[in-house]
Amino acid sequence: MNVYTTDKIRNVVLLGHGSCGKSTLAEAMCYLAGVTSRLGSIDDGNTVSDYDKEEQKRKISISTSTIPIEWDGCKINILDTPGFFDFVGEVEEAISVADAAIIVVSGKSGIEVGTQKAWDLCEEYNIPRMIYVSDMDIDEVSYRQVVQDLVDKFGKKIAPFNLPIREDEKLIGYVNVIQEKAFRWENKEATPMDVPDYSKEYLASYRDTLMEAVAETSEDLMERYFNGETFSENEIRSALRTNVCDGSIVPVEQGSSIYCEGVYTLLDDIVKYMPSPENRKMSGINTKTNEIFEANFDFSKPKTAFVFKTIIDPFIGKYSLIKVRSGVLKTDDVLYDPNKDEEVKIGKLYLLRGNKTAEISEVHAGDLCALQKLDISTGDSLATKATPVQYAKMNISTPYTCQRYHAQNKSDIDKIAQSLAKLQAEDPTMRVVNDAENHQSLIYGMGDMHIDVIASKLLNEYKVAIDLTKPKVAFRETIRKNADVESKYKKQTGGHGQYGHVKMRFEPLGDVTKSYEFAEEVVGGAVPKNYFPAVEKGLAESVQRGPLAAYPVVGVKATLYDGSYHPVDSSEMAFKVAARQAFKDAFMKATPVLLEPIVTLKVTVPDNFTGDVMGDLNKRRGRVTGMDPIGGGKQVISADVPQMELYGYCTQLRSITGGAGDFEYEFARYEQCPSDVQAKEVEARAAKVAADSESDD
């Protein structure tokens with residue numbers, strides 16, 4: 001591929017609901033641009049972008065693919081993203097380096113939740129967008145209805161650039177709204193034809209919308225528009241490019257990706273109307289001077305780049321995908337990573353198209369490329385040591401769904417840890433947590449499918465198997481009443497024996513953030529001072545696994561007030577054992593209770609789902625504490641919910657809201673759990689102890 005300057009580059013991300021046709025559109029673009037000699041298909045598993053075995057097996061996109069193509073003297077970097085919400089991190093990585101977006105809407109399915117989410121992301125990142133309505137080859141699809149729905153949803157900035165033409169219920173061409181001309185598709189060519197009568201009314205309406213937008217770009221054009229003058233095609237296109245780049249117009253185009261109809265026009269319009277990186281602002285911080293560095297994709301400034309994605313493949317190795325934000329990167333350049341405070345020699349520069357690589361000699365500001373086998377991570381900045389620029393990291397969603405995992409084969413534990421670390425380097429929305437307190441290893445992801453894909457990748461790519469189970473909830477044990485106990489540990493084994501005798505009071509501490517508090521009120525040397533630490537050590541060991549259900553103990557105050565000792569047989573160990581026995585005895589007498597973790601949950605949902613969501617929270621023993629409207633027809637519902645009730649909540653919330661709901665939570669406090677929950681946990685613990693003792697036999 002040729003080297004392209006900044007003004008000839010278009011970085012375009014494909015967004016939309018799952019299975020709306022993004023990868024099929026990318027495939028059609030590749031075919032028309034001559035990248036492939038035949039069209040691949042999702043069903044056959046041979047598309048350029050969905051090359052991963054998991055993607056081919058599930059027939060969905062899981063990772064973002066970069067697909068550079070050449071069109072009309074320009075380079076278009078297509079970023080094909082997943083539509084399923086579990087893989088939103090891939091979308092966030094891609095959109096952080098995109099300069100424009102194409103939101104793909106299935107003409108058959110219409111506007112879906114993923115369409116709205118794609119629009120919201122474009123608003124958040126302030127990037128211009130086009131809408132491409134796919135599936136127009138299906139007869140019952142109404143383009144006019146889709147356009148009307150888009151206008152109702154997103155307002156008057158929606159502006160159709162073309163209309164479909166059908167004959168005998170087949171899509172055969174299109175009407176160009178700007179030129180007011182009709183074209184018939186014949187092979188890869190578009191030949192002129194007459195505008196059908198049934199299209200003229202809508203053509204006039206859509207053109208009026210465009211002309212109003214054109215007129216609003218300058219006072220001169222506005223005056224001419226009111227005087228009834230017509231604009232030249234060049235004036236219209238120039239004004240529309242301004243409108244599209246500033247987001248005041250969102251063009252709508254249509255076609256059939258599987259037949260490559262309408263895609264040629266879309267590619268032309270990407271080049272004509274979408275901004276190049278030189279039209280975008282970008283700044284970082286010079287860590288040496290603490291001044292703002294205005295990169296702005298200027299090729300004449302010092303070299304800087306940003307790592308937006310990492311790919312670690314067991315077969316092809318590690319690739320770091322970067323966007324050059326200033327300067328011109330060349331083979332064997334030495335760059336500096338301010339995040340790690342070290343220099344890296346970048347070696348060769350690669351273009352990554354799906355899983356195929358090609359070397360390139362240099363990459364200009366605004367372009368994307370890949371670096372191989374470097375110790376750099378997603379979100380790192382690269383610059384020169386003389387101008388060490390650091391860019392802000394991208395916003396990546398936090399995972400809240402978790403599963404516990406076990407190695408099927410104990411000998412694989414180390415290999416699983418190494419493999420998970422590689423997957424985590426690729427996927428910033430995945431977290432691996434070693435919960436030592438509850439003796440469990442957890443995988444956090446964006447949803448159940450996300451975690452299922454992680455387990456599947458471990459098996460198929462790294463040849464290690466794990467089992468996924470429900471995570472243990474971090475219960476705590478405490479007491480509600482006081483208890484006064486005496487405990488004596490006495491053992492005679494010939495020679496020196498063991499003797500420890502304590503009298504202790506136990507009471508609620510009133511502070512469940514502490515495990516225990518130890519005090520002594522011994523008078524007259526009944527228990528010598530040198531044994532006090534042993535008594536406390538016995539307590540410290542006891543609170544790690546409570547007598548009720550083997551959970552950590554909190555909020556207990558223990559006071560040693562009397563006891564006795566033997567001048568020969570007493571020892572630290574004897575007093576430690578006596579204290580442990582006293583603790584166990586007192587704990588069960590002092591009305592022991594289980595405490596469960598309560599989280600503060602925030603659920604963001606469209607207004608029309610608030611009743612259903614609140615009803616579901618009530619079933620989960622949740623207490624709604626507030627509702628805040630946030631605009632855009634959405635509410636944030638705040639609630640206190642027991643953590644154990646949130647298992648499977650991601651799937652349920654998506655089911656209730658059709659995928660439109662989001663949630664987040666954080667630990668709030670511990671509260672006493674209901675008696676039925678406590679009884680169930682204690683019974684489960686007793687059953688486990690019995691099972692363990694049987695296996696020991």
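With salt bridges taken as basic N to acidic carboxylate O contacts below 4.0 Å, one links Glu90 and Lys309. Using a cutoff of 4.0 Å between basic side-chain nitrogens and carboxylate oxygens, Glu27 and Arg38 are not scored as salt-bridged. Salt-bridge annotation for Glu54 and Arg58: present, with a side-chain N of the basic residue lying under 4.0 Å from a carboxylate O of the acidic one. Under 4.0 Å is where a charged nitrogen must lie from a carboxylate oxygen, and between Lys57 and Asp50 no such pair does. Note on Lys602 versus Glu664: no salt bridge recorded, every NZ/NE/NH1/NH2 to OD/OE distance being 4.0 Å or above. A salt bridge links Lys75 to Asp367: one of the charged nitrogens lies within less than 4.0 Å of a carboxylate oxygen. Remark: Asp662 engages Lys117 in a salt bridge, criterion side-chain N to carboxylate O under 4.0 Å.
Ser106 places a side-chain N or O within donor-acceptor distance of the main-chain N or O of Ser109, the cut-off being under 3.5 Å. Between the Arg166 side chain and the Met136 main chain, a donor and an acceptor come within less than 3.5 Å of each other. Using a distance-only test at 3.5 Å, with no hydrogens or angles considered, no donor-acceptor pair links the side chain of Gln254 to the main chain of Tyr143. Distance alone, capped at 3.5 Å, places no donor-acceptor pair between the Glu261 side chain and the Ser256 backbone. A side-chain donor-acceptor contact under 3.5 Å links Ser41 to the backbone of Asp44. Here the side chain of Glu461 pairs no donor or acceptor atom with the backbone of Leu458 at under 3.5 angstrom. Between the side chain of Lys22 and the backbone N or O of His17, at least one donor-acceptor pair lies under 3.5 Å. A donor-acceptor contact shorter than 3.5 Å is absent between the side chain of Ser456 and the backbone of Asp452. In this structure, the side chain of Thr24 does not engage the main chain of Ser257 through any donor-acceptor pair within 3.5 Å. Side chain of Lys634 to main chain of Val605: no donor-acceptor pair is present (N/O by atom type, distance under 3.5 Å, no hydrogens or angles).
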- Task: Decide yes or no on side chain to side chain contact (heavy atoms under 4.5 Å, CB included) for Asn77 and Arg10, but give the supporting numbers first.
- Result: CA-CA 6 Å; Asn77 288 312; Arg10 306 286 185 271; over 6 Å; no
- Task: Please step through side chain to side chain contact (heavy atoms under 4.5 Å, CB included) for the pair Leu266 and Leu25, ending with a clear verdict.
- Result: CA-CA 10 Å; Leu266 180 66; Leu25 174 60; 3.9 Å; yes
- Query: Can Cys260 and Tyr31 be said to form a side chain to side chain contact (heavy atoms under 4.5 Å, CB included), step by step?
  - Reply: CA-CA 8 Å; Cys260 291; Tyr31 176 68; 3.6 Å; yes
- Show your working on side chain to side chain contact (heavy atoms under 4.5 Å, CB included) between Asp268 and Tyr264 and close with a plain yes or no. CA-CA 6 Å; Asp268 277 351; Tyr264 196 106; 3.6 Å; yes
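Within a 6.0 Å radius of NZ in Lys318, other residues, nucleotides and ligands contribute more than 12 heavy atoms. Annotation for Lys59: atom NZ counts as buried by contact number, over 12 foreign heavy atoms lying within 6.0 Å.
Side-chain contact between Val263 and Met29 is present, with at least one heavy-atom pair separated by less than 4.5 Å. Taking the side chain as every heavy atom from C-beta outward, Lys422 and Leu420 never approach each other to under 4.5 Å. Counting heavy atoms from C-beta on, the side chains of Val641 and Tyr665 never come closer than 4.5 Å. Using a 4.5 Å cut-off on side-chain heavy atoms (C-beta onward), Val35 and Glu70 make no contact. Between Ile131 and Val146 the shortest side-chain heavy-atom distance does not fall below 4.5 Å. Proximity of Val104 to Leu15: side-chain heavy atoms (C-beta onward) are nowhere separated by under 4.5 Å. Using a 4.5 Å heavy-atom threshold, the side chains of Tyr4 and His364 count as separate. In this structure, the side chains of Glu93 and Leu79 stay at 4.5 Å or more apart for every pair of heavy atoms.
Under the 3.5 Å distance criterion, with hydrogens and angles disregarded, a donor-acceptor pair is assigned to the side chains of Asp149 and Gln145. With 3.5 Å as the limit, one finds a donor-acceptor pair spanning the side chains of Tyr647 and Gln403. Checking Thr469 against His406 by side-chain atom types alone, a donor-acceptor pair falls below 3.5 Å. Counted by atom type alone, Asp120 and Gln116 present one or more donor-acceptor pairs between their side chains at under 3.5 Å. Inspection of the Ser23 and Ser61 side chains reveals an N or O donor paired with an N or O acceptor under 3.5 Å. Between the side chains of Lys340 and Ser377, at least one donor N or O lies within less than 3.5 Å of an accepting N or O.
Between Arg404 atom CZ and Ile466 atom CD1 the span is 13.0 Å, to the nearest 0.5 Å. In this structure, CD1 in Ile346 is found 12.5 Å from CD in Gln372, a value given to the nearest 0.5 Å. Here the CG-CG distance, from Asp72 to Leu267, works out to 10.0 Å after rounding to the nearest 0.5 Å. With rounding to the nearest 0.5 angstrom, the CE atom of Met449 is 8.0 Å from the CD1 atom of Ile62. To the nearest 0.5 angstrom, Phe306 atom CZ is 6.0 Å from Ser381 atom OG. For the atom pair CG (Leu468) and CD1 (Ile443), the distance works out to 6.0 Å, reported to the nearest 0.5 Å.
Taking the six-membered ring where the residue is Trp, Tyr319 and Tyr350 present perpendicular rings, their angle passing 60° and hence far from 30°. In this pair, Trp119 and Phe154 present their aromatic rings parallel. The plane angle is below 30°, not in the 30 to 60° band.
Of all heavy-atom pairs spanning Leu349 and Ser361, the tightest one is CD1-O, 3.7 Å. Nearest heavy atom pair, residue Gly354 against residue Tyr51, reads C-CE2, 3.4 Å. The two residues Gly40 and Asn46 have their closest heavy-atom pair at CA-OD1, 3.2 Å. Between Ile69 and Ala33 the shortest heavy-atom distance is CB-CB, 3.9 Å. Between Gly89 and Thr429 the shortest heavy-atom distance is CA-CG2, 3.4 Å. Contact between Thr657 and Val113 at its shortest, heavy atoms only, is O-CG2, 4.4 Å.
Ring-centre distance between Trp185 and Tyr174: below the 6.0 Å cut-off.
For Val88, the side-chain contact (heavy atoms from CB on, under 4.5 Å) criterion is met by Glu92, Ser397, Met446, not counting sequence neighbours. Residues meeting the salt bridge (charged side-chain N to carboxylate O under 4.0 Å, His left out) test with Asp448, sequence neighbours left out: none. Considering only residues two or more places apart in sequence or on other chains, Tyr125 meets the side-chain contact (heavy atoms from CB on, under 4.5 Å) condition with Ile95, Ser96, Leu121, Ile127, Asn395.
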